[in-house]
Amino acid sequence: MKWLYNWLGIIILLLVSCDSKNNSETQTEKEPESPKQEARKELFSKGEGQQVNLPAADWNEEWRSDNEVIVQLSRPVLNLNPMSIALATNKEIYSYTQAFLIAEDITTLSYKPQVLAALPEVDGSGLVYDCELNTNAKFDDGSAITLQDVVFTLKTHASYRLPNQVTDGVVKNIKNIEVVDQTHFKFRLKKVDLETITKLAEMPILQASLHDENNVLANYNLNQIQNETPEAPLEGMEDWAKNFNQNIGTEVSNTYGAGAYAVTEFSERKIVLTRKENHWLANPKVAKITYKVTGDGATRVLELKQQSIDVAANFSSKNMASLAEDETIASNYHMAFLPSYSAFVVIPNFQKPDGNNSVLQDKHVRQALAHSFAVDQVIQTLSNGNAIAIASFVSVLKDELNRDLKPKGFNLEKADSLLALAGWTDSDNDGIKDKVVDGEKQNLTLELTCQPSPGWTAVGNILVEGLNKAGFETKLDPVDKALYVERYSKSKDFDLILMSLSSSFGPSYNLELFYSKEIGNHNFGGYSNPGMDSLIALAKSELDYSTRKDLLYQIQDKFYEEQPVFFLFTGTRGMLVHKRLGNVKLYSPNPHILLDQIVLSKP
Amino acid sequence: MWKRFGGFLFKFLGITAAVLLLTFFLLKSGRQDVVDRMMAVNPELVSSVSAQQVENQKQELRRQLGLHLPSFYFRLTSAAIPSEWPKHLSPTHRKTVEAWAIRTGDYTGSLNLLNHLKDARNASTGQISLGFQQCLAHKELQQVRRVLQQMEVDEEFKGEHPSKFMDEVNELLAQSNANSWLPAIRFYGQNQFHQWLFGNGDDTRGILLGDFGTSYIQKRPVTQILAEKIRWSFVLGFIALLLAFGFGVPVGIWLAKHRFGNTIMSWLYLVYAIPSFWLATLLLMFFANPDYFNWFPIGGVEPISGFVDDLSWWDKLVATIPHTILPLICFSYGSIIYISRISKQSATDVLNANFVRAAMLRGVPQKRYWRYYVLKNAILPIITILGAVLPSLVAGSVIIETIFDIPGMGNQLFTAAKKADMPIVMSITLIMALLSALGYQLADRLYQWVDPRITLSA
């Protein structure tokens, strides 16, 4: 009898699995879109410009009505050291917990004073910044934010002993600080830098008495702190730096900030910000902001289905489409795509360590490459059309963009003729272009390096397919993140490298990518062109907007012709916001949403 | 007695040391330097910091973390490499100098060349700087010469710089490298492993004195981090252990008695074969999903918003229970089935044994022979499992804790291993190794206690 039970069980199991297989087959068959699906497409609010207004929703009594916003993160925040502002989530959190001399205002795409009483007055030379402190600005212990605190902050950012990866170049450019009185000071730059204001908005003001009890930094000036090879060691400096690095932003008790929110809970899984009452800086509407970290993709979706999350981002276009198909999510969440300042680019290498750079040195080959990237296919296949093909280094959201320059587009005929001009033909009809160099036949071989994540490799595979159709012999080389960084920043061991770049509404244009003075730093490919350099040098120091715009137009014309870097497309950012929240506006610059200004949509 | 204790200590320490060394060398054998990994920032960062500045920051961070020291007490290398460790050099530059020294037999000359090239790189900008940077990246001196030649040919680079270095390279290449072929063992009193064991003599005391160090990433004492994590792994592990034995043994014994025991057991095997990560996902999909049964929260050990202020410990406990049901099922289902299988097999073997049959024939009451004959003998193999599960009580489960977002040791180990946070990985490994060794020793003692006929040789 035992064998009978066993076999019966197995037969039932097989029947069940066959049934489920049939079901799944039915589901995967491509069907015409139903009216319901068509209607769901309209759920996405698309931002045409910089801002998306989410429509008000009728209140549902089942929704939470507490005055707390819960934000979903996909990666943990490992420390809240104010020097770690390079990380987008850290920067977002600091915008609520820290005070800055000046701060970004994403609603007006400008800067607003915080610890300063007004924006700095810049003189005609662009070198002298005249600043007046806001006398209302206070730390949490009630003490006023003084000039000593500002100088201490600048010195902290100047020190190579701290892992500051954003601002020290700006501080190094400060020639001297002139104290007019206790609240009034001027600083003079060594050379004009348009990004000074941008970077000042990335320096949380630190309380000198709290972080430097022994007044170590007060004993040294900016130049001494910056000097990496001092004649005599700076007494107490090493200990101070070690102590600062290890004892700030690691737990709730040492996360200080003069912003309108305090960190009241901090772990790898969750960060809770609680509103400070009657704060000098602002009057936030939300009492508590919770950042909940969920790494697993399926769990992130379930959290949305359970409506335990208020704001979520970082979903791909494909995922957003499938979320829109979900009844629960679609009826409880606003879904929006925001145009972004980021750009996906391919950087060609002109500085290979083996000296084999001749292929990419040829302008015609680069132009042919520009016509061989199947950008539209990437946009349609991977982004469901929610991305924009681009042709310039200037963001599509900026007025400085020369809109007459259209994306090159995937055009095999043009690529073929351009390659022929460069002497590359398919002499043996094997589908790969070749050329005789120094008496030897050489194939047109290139390797495309990218990061190993599925998203990057998917983009890379489509691009490689397009290149191979155009006659290049290309293969994708996904490498570990650290090796990837090492390749473009140090070893220069790549032909083409795929990366994303960000920009902001400020006067930054990614010009460093093809400026020869930045070779070895941010000119990762090593492109050099004296004509382009002189224009870039002028644009980087031009204070007058319209003149700068003219210069940028000229650079874009040259860039379009030269193709030193291939700007492929700019992505859009998908966001979900629970309908229980009203008065929600989304903006293109990070962090896209002002969480502290949200109110419930409950009447 | 002393002999046995000595044997126990030898095995105990031996296993622990072997596991630790293995973990240490596996972590160190990673291709990437941990500081490079920590400071690997996306190019999308609009930065005003130069590559040179980042390099200085990295070297400073290495010094602060003690990573500027050699890894271990000794290494086998070429006689051309001196015993003095170049603390001021980054790992990449150290490897470059050593490669040049092995090629030329002249370590001092190689180090001088490297320093001169570094100075030249720092003093120059643009392509000239990059040229020198490329020289520093090449481990073959011929390649360095090629780059310098290229720099000399290029109009832009013409000047005294490239030719000056070319002479230095040629001089090095002309030297005899006879001593490079001789092997040498170099000893380092101060090294990372030593510092981890005994501290740096300044602000750390070393693992042997209970100081687990500071996390590279979180910058907090490892002891503090693990103290926060261990309670959840322990609580869940302990309840899962109780469930495993509480259900596993009775089910096994019952199956041994039941006529369909084998059939039911084979079905239980099918459940056993389901991987825990898959079962965890299925449970979440069906029991934490408004589309099916929205009975349980998705993850974590408390509501996302946290507990309401002034909640009593009892209310907190009640609020926590729903969060633990699904993880506990995943933690314990495998053990329950495994233990029931072992129990069933042991019970069946004992039931078929002559002494039990004889007891039955003698008319020993059923309750009595089950309790004194079957249960006592059937429990022996289960003790083996008890020894094995002891480490899991503390170490938790990497997969289940990650899926259910439980802030336990497994989750912590996963995060730390991904970030190469050596102090945390080493500490958790040490704890697991100690508990494993202890668990198996405990199991041996329990064997003897249950059945005094068993003797253990030292």
Side-chain angles (χ1 to χ4, degrees), chain A residues 2 5-6 9 68 70 78-79 86 160-161 163 165-170 195 199 228 242 245-246 250-251 265 267-269 272 290 292 294 296 298-299 302-303 305-306 308 328 342 351 353 355 481-483 485-486 488-491 499-503 508 516-517 519-521 524 526 528, chain B residues 31-32 36-37 39-51 53-54 56-57 60-61 64 92 125-127 129-130 133-134 137-138 143 146-147 150 214 217-220 228 260 262-263 266-267 281 284-285 288-291 294 297-300 304-306 402-403 405 407 415 419:
Chain A
K2 272 188 284 185
Y5 285 109
N6 276 334
E68 176 187 359
I70 299 172
L78 295 169
N79 73 67
Y160 69 91
R161 296 166 183 87
Q165 298 187 320
V166 178
T167 48
D168 91 329
V170 173
E195 291 190 43
K199 298 301 176 194
E228 289 153 24
K242 189 170 182 178
N245 279 339
Q246 297 203 339
T250 57
E251 52 192 293
E265 196 179 330
S267 70
E268 284 168 50
R269 323 309 302 165
V272 180
T290 299
K292 160 83 170 65
T294 309
D296 182 59
T299 313
L302 283 176
E303 282 180 345
K305 285 167 86 79
Q306 283 198 343
S308 50
T328 317
S342 69
Q351 300 283 334
K481 171 85 180 281
L483 184 60
V485 174
E486 197 239 323
Y488 73 71
S489 62
K490 271 198 222 163
S491 70
M499 59 172 69
S500 78
L501 299 165
S502 72
S503 180
S508 61
S516 68
K517 276 198 172 171
I519 291 176
N521 285 331
F524 305 123
S528 171
Chain B
R31 188 171 171 188
Q32 284 299 317
D36 277 347
R37 188 176 281 275
M39 292 188 66
V41 178
N42 279 331
E44 65 184 38
L45 166 71
V46 181
S47 169
S48 62
V49 182
S50 68
Q53 180 74 353
V54 172
N56 290 337
Q57 290 173 355
E60 182 63 22
L61 191 57
Q64 288 173 7
T92 319
T125 55
Q127 278 186 306
S129 169
L130 187 70
Q133 176 66 37
Q134 286 183 341
H138 284 302
Q143 289 273 23
R146 215 153 71 89
V147 175
Q150 211 175 325
T214 304
I217 309 293
Q218 297 183 50
K219 309 276 172 61
R220 295 167 60 207
E228 289 165 12
F260 298 125
N262 285 341
T263 310
S266 53
W267 280 100
T281 313
L284 279 174
M285 284 296 169
N289 187 344
D291 293 345
N294 197 12
I298 291 152
I304 293 180
S305 315
T402 306
I403 293 177
D405 195 21
T415 315
K419 300 272 176 193

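Note on naming: letters A, B, ... go to the chains in the order of the sequence lines (proteins, then strands), and numbering restarts at 1 for each one. Everything numeric in this text was worked out from a predicted model, so none of it was measured.
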Problem - Structural part of A:Ile70 lying under 4.5 Å from a heavy atom of chain B - result: side chain
Practice task
Enter the distance from A:Asn245:CG to B:Leu61:CG here, rounded to the nearest 0.5 Å.
Solution key: 7.0 Å
Problem - Interatomic distance, B:Met285 atom CE to A:Thr299 atom OG1 [nearest 0.5 angstrom] - result: 7.5 Å
Problem - CD on A:Glu303 to CD1 on B:Ile304, rounded to 0.5 Å - result: 5.0 Å
Completion exercise
Answer key: most heavy-atom pairs under 4.5 Å with chain A among B:Gly306, B:Pro297, B:Ser305, B:Pro407 is B:Ser305
Practice task
Measure the spacing between CG of A:Leu78 and CD1 of B:Ile217 and express it to the nearest 0.5 Å.
Solution key: 6.5 Å
Completion exercise
Separation between CG (B:Leu284) and CG (A:Asp296), nearest 0.5 Å, reads 8.0 Å
Exercise for the section: Could you give me the CA-CA distance, side-chain angles and deciding distance for B:Asp291 and A:Thr328, then say whether side chain to side chain contact (heavy atoms under 4.5 Å, CB included) is met? Expected result: CA-CA 8 Å; B:Asp291 293 345; A:Thr328 317; 3.7 Å; yes
Handout entry: Atom group of A:Thr290 that falls short of 4.5 Å from chain B, counting heavy atoms
Key = side chain
Handout entry: Atom group of A:Lys292 that falls short of 4.5 Å from chain B, counting heavy atoms
Key = side chain
Practice task
Before giving the answer on side chain to side chain donor-acceptor pair (under 3.5 Å), spell out for B:Gln218 and A:Asn79 the whole-Å C-alpha distance, their side-chain angles and the decisive distance to 0.1 Å.
Solution key: CA-CA 6 Å; B:Gln218 297 183 50; A:Asn79 73 67; over 6 Å; no
Exercise for the section: Taking atom types as modelled, find out whether A:Gln306 and B:Asn294 have a side-chain donor-acceptor pair closer than 3.5 angstrom. Expected result: yes
Practice task
Check whether B:Thr92 gets within reach of chain A through its side chain, its backbone, both or neither, counting any heavy atom under 4.5 Å.
Solution key: side chain
Fill in the blank from the handout: Cut-off 4.5 Å, heavy atoms of chain B, and the answer for A:Thr250 is both
